[in-house]
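Quick notes on the structure that follows.
Proteins get letters first, then strands, A, B, ... in listed order; numbering begins at 1 in each.
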Protein chains: 2
Amino acid sequence: MNAKKTRNGNRTATRKAAPARAYHHGDLRSALVSAAAALLERDGAEALSFRAVARAANVSQAAPYNHFAGREELLATVAEQGFRALEAAQIAAAERAGTGVSRVISLGMDYIAFAIAHPQLYRLMFGVGVANWCAYPAVAEAKHRAFEPTRAVLADYLGAATPSATREAAAHAGWGLVHGLAMLRLDGSVADRAGSDDLEREAAAIELFAASLGRMGSAP
Amino acid sequence: MNAKKTRNGNRTATRKAAPARAYHHGDLRSALVSAAAALLERDGAEALSFRAVARAANVSQAAPYNHFAGREELLATVAEQGFRALEAAQIAAAERAGTGVSRVISLGMDYIAFAIAHPQLYRLMFGVGVANWCAYPAVAEAKHRAFEPTRAVLADYLGAATPSATREAAAHAGWGLVHGLAMLRLDGSVADRAGSDDLEREAAAIELFAASLGRMGSAP
DNA sequence: ACCTGAACACCGTTCAAGT
DNA sequence: ACCTGAACACCGTTCAAGT
């Protein structure tokens, strides 16, 4: 979390009671990922420099190339980690939530809350700062898994009687909706008044979607 | 459209029958915007260099600073132009469309079609490659105007009897939905099968949203 | 008023060389 | 196997100087 320049975190493999400067550093790879995640949230993906990450980890500018093919692969790793965190948050929200409409709404609002809590990470996860995401299949898979909770909750909400095509469309619409609301929020597109009623407006949009979807499920 | 290195376009102010190299270039500002738009769609916002734009316009690397505060302001200008193009497309789609549900669906599908037709421009318009969009109020205003057609069509679709809070929520949800679907598409998040049924899936999502919204409008 | 050339401090990436 | 130092070609931006 700290972006200090002196002394690095050295999170894992602390078997020797925090050596001041390890010659081979022990676990440079994860130290780089941590440093990148911290710098990302501070400066944004477009301003994140590979050299600055190396400096934050107290190694030379060329050292990271032993662990990553280049800057983009490091960003992809951070994004993949972000999708796993989102997946965990969504699973927790699904367990915490109640039943029926409120369950759907809870999951949607939790999704938006994740984006607001880690804005730069969320932006990175959805393509900001990386040209070709498709080159990293691990990221695509993590992304797909992060959306499973919403898919399951919506299917449960619609009921087993709903045809699978409708369920699929609802899942796609639901993902599109929360993702769109999150992106619009991060852009500041909706901040024309006080920032506090942004959440209300998003809640209203999600409630409207969920309520009208429920009406559709009972009368297809 | 051409990204050749020799000879520039010189689009406007062609009063002297295409002078080979104008000393003061006539209208460098719009030439830079055109060159930037072309390079943007070719390489993406993150790979767009201010120097390359200057080269494409046959001027020195420092010349653009007479017309733009920096790289970001040039990108903001391109984005603003993009929002105006989107607004025009949405207005045209609203006039072209029929009535009722199909009108709503047409507008939504046209929105997604715009994003697919100009993927890098659309990405730029929604924050890719620029740290603080808020610093450019002209962009925010153009963005707001680009969404007016959808807002109007949805309000018309719901009917005057619908309370304004519901109309506002529906407009926000509609924008979020189409924007989210567009972004997911551009990320390649939904391309797990043949690319051709992506449009079908988006249409299904929008139809589901519009149909269930209509049901809500008639029974609030 | 507008443009140029040279300069500064950065950047991503490569590579021989070290341990 | 991992890391360093120096190098290359780029970049955004500034600034004195030209016309």
Side-chain angles (χ1 to χ4, degrees), chain A residues 3 5 8 10 12-13 16 19-33 35-36 39-40 42-78 124 129-132 135-136, chain B residues 3 5 8 10 12-13 16 19-33 35-36 39-40 42-78 124 129-132 135-136:
Chain A
K5 218 163 185 180
N8 61 335
N10 208 333
T12 53
K16 275 221 156 189
R21 310 160 234 165
Y23 315 95
H24 270 43
H25 194 283
D27 191 5
L28 180 56
R29 184 174 216 277
S30 64
L32 289 168
V33 174
L39 289 177
L40 168 71
R42 196 164 61 89
D43 302 329
E46 34 268 305
L48 180 65
S49 100
F50 209 35
R51 286 169 105 117
V53 175
R55 280 195 297 269
N58 269 344
V59 290
S60 80
Q61 75 227 208
Y65 286 93
N66 286 301
H67 302 274
F68 297 97
R71 190 187 101 108
E72 212 175 81
E73 195 174 283
L74 173 59
L75 287 179
T77 306
V78 174
L124 170 68
V130 174
N132 52 341
Y136 305 94
Chain B
K5 220 164 187 179
N8 62 334
N10 207 335
T12 55
K16 275 218 156 192
R21 309 161 236 165
Y23 315 96
H24 270 43
H25 194 281
D27 190 5
L28 180 56
R29 185 176 214 278
S30 63
L32 289 168
V33 174
L39 289 177
L40 168 71
R42 196 165 61 89
D43 302 329
E46 35 267 304
L48 181 64
S49 101
F50 209 35
R51 286 170 107 117
V53 175
R55 280 195 297 269
N58 269 343
V59 290
S60 81
Q61 76 226 208
Y65 286 92
N66 286 300
H67 303 275
F68 299 96
R71 189 188 101 109
E72 212 174 82
E73 195 173 284
L74 173 59
L75 287 178
T77 307
V78 173
L124 169 68
V130 174
N132 52 341
Y136 306 94

Whole-Å distance separating the [atom1] atom of [X] from the [atom2] atom of [N]:
| X | N | atom1 | atom2 | answer |
| --- | --- | --- | --- | --- |
| A:Arg51 | C:dT13 | CZ | C1' | 9 Å |
| A:Glu73 | C:dT13 | CD | C1' | 14 Å |
| A:Glu72 | C:dC11 | CD | C1' | 15 Å |
| B:Leu39 | D:dC11 | CG | P | 11 Å |
| B:Arg29 | C:dA1 | CZ | P | 17 Å |
| B:Phe50 | C:dC3 | CZ | P | 12 Å |
| B:Phe68 | C:dA1 | CZ | P | 19 Å |
| A:Gln61 | C:dC11 | CD | P | 10 Å |

Does D:dC8 pair with anything, Watson-Crick or G-U wobble, both distances under 3.5 Å, and if so, with which nucleotide?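 Its partner is C:dG12.
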For D:dT19, what is the paired nucleotide under Watson-Crick or G-U wobble rules, both distances under 3.5 Å?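 With both distances under 3.5 Å, D:dT19 matches C:dA1.
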Does the side chain of A:His67 get closer than 4.0 angstrom to OP1 or OP2 of D:dC3 through an N or O atom?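 It does, given that an N or O in the side chain of A:His67 lies less than 4.0 Å from OP1 or OP2 of D:dC3.
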Hey, is the side chain of A:Arg55 poking within less than 4.0 Å of OP1 or OP2 on C:dC11, counting only N and O atoms?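 For A:Arg55, the contact criterion (side-chain N or O under 4.0 Å from OP1 or OP2 of C:dC11) is met.
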Is A:Arg71 side chain donor-acceptor paired with the C:dG12 base, going by distance under 3.5 Å alone?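 Side chain to base: no pair below 3.5 Å.
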Side chain of [X] only, please: which of [options] is the nearest?
| X | options | result |
| --- | --- | --- |
| A:Val59 | C:dC3, D:dT4, D:dG12 | D:dT4 |
| A:Asn66 | D:dC2, C:dT14, D:dT13 | D:dC2 |
| A:Ala63 | C:dC3, D:dG12, D:dT4 | D:dT4 |

Test B:Gln61 against B:Phe50 for side-chain contact (heavy atoms from CB on, under 4.5 Å), laying out the working first. CA-CA 8 Å; B:Gln61 76 226 208; B:Phe50 209 35; over 6 Å; no
Straight-line distance of B:Ser49 OG to B:Leu39 CG, nearest 0.5 Å: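 Here the rounded value is 8.0 Å.
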With rounding to the nearest 0.5 Å, note down the distance linking CG in A:Leu28 to NE2 in A:His67.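 Here the rounded value is 4.0 Å.
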Tell me, with the steps shown, if A:Val53 and A:Arg71 meet side-chain contact (heavy atoms from CB on, under 4.5 Å). CA-CA 10 Å; A:Val53 175; A:Arg71 190 187 101 108; over 6 Å; no
5′-ward residue of the pair B:Ser60/A:Ala62 relative to DNA chain C: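 Final value for this comparison: B:Ser60.
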Let's go through A:Phe68 and A:Val33 carefully: what are the C-alpha distance in whole Å and the side-chain angles of both, what is the deciding distance for side-chain contact (heavy atoms from CB on, under 4.5 Å) to 0.1 Å, and is it a yes or a no? CA-CA 10 Å; A:Phe68 297 97; A:Val33 174; 3.7 Å; yes
